[in-house]
Amino acid sequence: MTMPWLTVLWLLPAVASVVVMLLPAERAARAKTTGVGASLIVLVWAVILAFRFDSGGGRFQLTEDLSWIPEFGARYSLGLDGLGLALILLTAALTPLLLLAGWRDADSPGSGRRAKSVHIYVALLLAVEAMVLMSFVATDVLLFYIFFEAMLVPMYFLIGGFGSDGPGVRPERSRAAVTFLLYNLLGGLVMLAAVIGLFVVAGDFDFVSISQGVRDGSLDMSSTTQNLLFAGFVFAFAVKAPLWPLHTWLPNAAVSTTPAAAVMMMAVMDKVGTFAMLRFCVGLFPDASATFAPLLCTLAVISIVYGAVMAIGQRDVMRLIAYTSISHFGFIVLGVFALTSQGQSGSALYMVNHGVSTAALFLIAGFLVSRRESSLIADYGGVQKIAPVLAGTFLVAGLATLSLPGLGPFISEFLVLIGTFVRYPVAGIIAAIALVLSAVYILWTYQRMMGGPVRESSSTITDLGIREKVVVVPLIAALLVLGFYPRLILDFVNPTVDASISSVHGGDR
């Protein structure tokens with residue numbers, strides 16, 4: 001019997017989530033260690049998958065296919081391609097670091113939470129990981145849709161049940177959670193209509209057979225039908241990505257929960273949206289992708305500029321970082337719909353680099369905020385003199401977000417811009433100019449918070465502890481490694497990009 005490699009991948013964190021919930025309420029420490037241990041096993045399993053994956057082989061490998069709902073033609077169909085593998089490695093590597101970073105998030109003194117909340121917090125993070133991993137390997141469109149929507153539930157409770165409502169720090173978390181859920185459910189309902197429409201046209205939900213039928217012309221799908229179905233899919237993915245003007249749920253959601261949960265949302269869960277744009281939108285609807293590409297590239301450029309401008313105007317450091325993600329997601333979407341091999345390779349690489357750089361910057365800022373119990377930039381000053389490691393790692397993570405050469409995001413952003421210039425030179429020029437704005441918001445923030453004389457309100461801030469260094473050092477190391485050797489990811493994702501580009505009329509080949 002063949003080993004169900006991909007089933008084991010997502011079942012490991014799913015089962016661990018249930019186990020954590022069943023632990024006695026007074027065993028909070030055991031819940032944390034169980035969560036970290038399980039996530040490390042998932043990471044080891046993901047690394048094994050990477051070694052078993054042949055980048056020169058077929059697009060989908062380690063496939064599994066079982067009958068699921070015969071009446072609908074739905075199947076439990078899984079397959080691993082290079083882009084899915086890259087994002088699986090990102091997810092599996094970040095989850096244990098997030099559990100360590102949030103070690104005290106659910107049981108901090110004075111929080112008023114019961115001991116069982118620790119179990120809930122760890123279990124919810126593991127549940128999100130399981131559903132995200134499943135989304136990256138599902139090749140049945142209906143199966144993907146179910147997990148695409150299901151991951152909203154644990155994230156909703158992470159936003160609404162944890163974090164704080166401190167004045168000037170975070171908005172009301174229950175309202176932020178509801179807004180998050182409503183926006184994403186709306187996108188999901190529109191996508192459901194498109195999924196049903198796709199079944200009516202194609203007769204099944206299998207991504208491989210439908211995409212092949214579209215490519216060779218054996219599937220009769222008019223341009224109007226393809227455009228309507230594409231619009232339904234891309235709307236849902238644009239909400240999750242998030243793309244302007246469907247982004248407004250993100251800043252409040254990101255700052256209303258704990259830093260670890262916010263990173264799980266921005267660096268991991270939201271990647272499902274951009275991943276799905278490349279796999280499902282371009283793969284299933286190549287003609288519609290070419291038709292809508294100018295519009296989506298325009299919206300992506302607006303996201304880039306808007307996110308950067310809004311970040312400059314923020315007084316709250318956590319909200320500032322949330323707006324930088326909107327700008328960076330704009331680059332990812334721009335690369336996808338530039339419909340060039342360089343643009344899509346850069347976009348795929350950017351998904352990984354953004355996950356690492358955002359995790360580093362948001363978590364380090366979270367460590368700082370937890371010491372001062374304020375996220376207002378004006379409450380800090382001179383931190384580099386009393387906490388040099390914290391300030392130094394914040395600077396490196398910040399420089400990564402502005403794509404400094406030698407750090408991971410640089411080469412991905414460079415590829416996106418090169419690929420965009422080929423087809424949409426005006427969009428490429430505006431996006432390149434917007435890079436200046438990223439330098440403004442990062443360096444100005446660092447100067448105000450870390451430079452200058454030590455403020456009395458900041459004088460008690462301590463440097464990073466051992467646990468925090470264990471979290472931060474691998475992230476900084478990853479930014480450096482990917483900055484000098486991006487082939488670690490590109491070798492995996494390039495075959496997927498080649499398959500995507502070859503299906504698009506007018507794409508480079």
Side-chain angles (χ1 to χ4, degrees), residues 1-23 30-53 60-69 74-99 119-158 205-208 260-261 264-265 267-269 271-272 275-276 279 355:
M1 180 178 178
T2 305
M3 169 68 74
W5 293 96
L6 303 182
T7 295
V8 173
L9 174 71
W10 75 268
L11 275 182
L12 280 172
V15 171
S17 176
V18 175
V19 170
V20 168
M21 289 292 293
L22 295 177
L23 289 174
R30 180 171 295 181
K32 297 175 186 177
T33 54
T34 301
V36 173
S39 63
L40 288 173
I41 294 174
V42 174
L43 175 57
V44 171
W45 195 262
V47 172
I48 293 173
L49 291 181
F51 279 104
R52 293 187 63 86
F53 186 83
F60 290 104
Q61 302 178 29
L62 305 176
T63 56
E64 302 173 33
D65 187 57
L66 297 171
S67 179
W68 178 31
I69 311 177
R75 304 186 66 81
Y76 177 80
S77 180
L78 309 181
L80 183 66
D81 67 358
L83 177 58
L85 176 59
L87 294 176
I88 284 169
L89 291 170
L90 171 69
T91 303
L94 284 183
T95 302
L97 297 179
L98 297 182
L99 287 167
H119 298 64
I120 296 172
Y121 182 72
V122 174
L124 290 174
L125 284 172
L126 291 172
V128 174
E129 180 188 25
M131 294 176 186
V132 168
L133 291 174
M134 181 56 155
S135 298
F136 292 143
V137 298
T139 55
D140 182 277
V141 177
L142 181 61
L143 183 65
F144 169 83
Y145 170 77
I146 289 172
F147 281 85
F148 180 82
E149 287 292 273
M151 69 180 68
L152 301 178
V153 176
M155 186 55 66
Y156 166 80
F157 287 109
L158 282 170
F205 296 104
D206 183 59
F207 168 80
V208 176
M264 179 64 83
M265 178 180 66
V268 176
M269 192 188 80
K271 295 299 185 304
V272 178
F275 162 83
R279 171 174 290 183

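Residue numbers count from 1 along this sequence.
Taking each heavy atom of L89 and A50 in turn, the nearest pair found is CD1-CB, 4.2 Å. When every heavy atom of M264 is checked against every heavy atom of M155, the shortest pair comes out as CG-CE, 3.9 Å. Contact record, F136 with V268: CZ-O, 4.5 Å, taken as the closest heavy-atom pair. Across all non-hydrogen atoms, the minimal contact from L90 to A267 is CD2-O, 3.7 Å. Taking every heavy atom of both residues into account, S135 and V272 meet most closely at CB-CG1, 4.0 Å. Considering all non-hydrogen atoms of both residues, V122 and K32 come closest at CG2-CA, 4.3 Å.
The side-chain heavy atoms of F53 and L49, taken from C-beta on, include no pair separated by under 4.5 Å. When side chains are defined from C-beta on, D81 counts as touching R279, because their heavy atoms get closer than 4.5 Å. L80 has its side chain within reach of I88: a pair of non-hydrogen atoms, C-beta onward, lies under 4.5 Å apart. Between L143 and F147, some side-chain heavy-atom pair lies under the 4.5 Å cut-off. In this structure the side chain of L142 reaches within 4.5 angstrom of the side chain of W68, judged on heavy atoms.
Taking CG from L99 and CD from E129, the interatomic distance works out to 8.0 Å, rounded to the nearest 0.5 Å. Considering CG of L126 and OG1 of T95, their distance stands at 7.5 Å, rounded to 0.5 Å. Considering CG of L62 and CG of L85, their distance stands at 9.0 Å, rounded to 0.5 Å. Note that OG1 of T34 and CE of M21 are 13.5 Å apart. Values are rounded to the nearest 0.5 Å. Note that CZ of F275 is 6.5 Å distant from CZ of F144, once rounded to the nearest 0.5 Å. Interatomic distance, CG of L12 versus CH2 of W45, reported as 7.0 Å (0.5 Å rounding).
Here the rule is side-chain contact (heavy atoms from CB on, under 4.5 Å) with V128, and of S17, P13, P154 only P154 fits it.
One N or O on the side chain of T139 and one on the backbone of S77 form a donor-acceptor pair closer than 3.5 Å. Within the 3.5 Å criterion, the main-chain N or O of R30 finds a donor-acceptor partner in the side chain of T33.
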Let me see the working for L125 and Y121 under side chain to side chain contact (heavy atoms under 4.5 Å, CB included), right down to the final yes or no.
CA-CA 6 Å; L125 284 172; Y121 182 72; 3.8 Å; yes
With salt bridge (charged side-chain N to carboxylate O under 4.0 Å, His left out) as the test, would you mind laying out the steps for D140 and R75 before giving the verdict?
CA-CA 6 Å; D140 182 277; R75 304 186 66 81; over 6 Å; no
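Residue F60 places its CZ atom among more than 12 non-hydrogen atoms of other residues, nucleotides or ligands, all under 6.0 Å distant.
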For residues 3-11, dump all side-chain donor-acceptor pairs below 3.5 Å to protein atoms at least two apart in sequence or in another chain.
unit_1: T7; atom_1: OG1; unit_2: E64; atom_2: OE1; d: 2.4
unit_1: T7; atom_1: OG1; unit_2: Y76; atom_2: OH; d: 2.6
unit_1: W10; atom_1: NE1; unit_2: Y76; atom_2: OH; d: 3.0

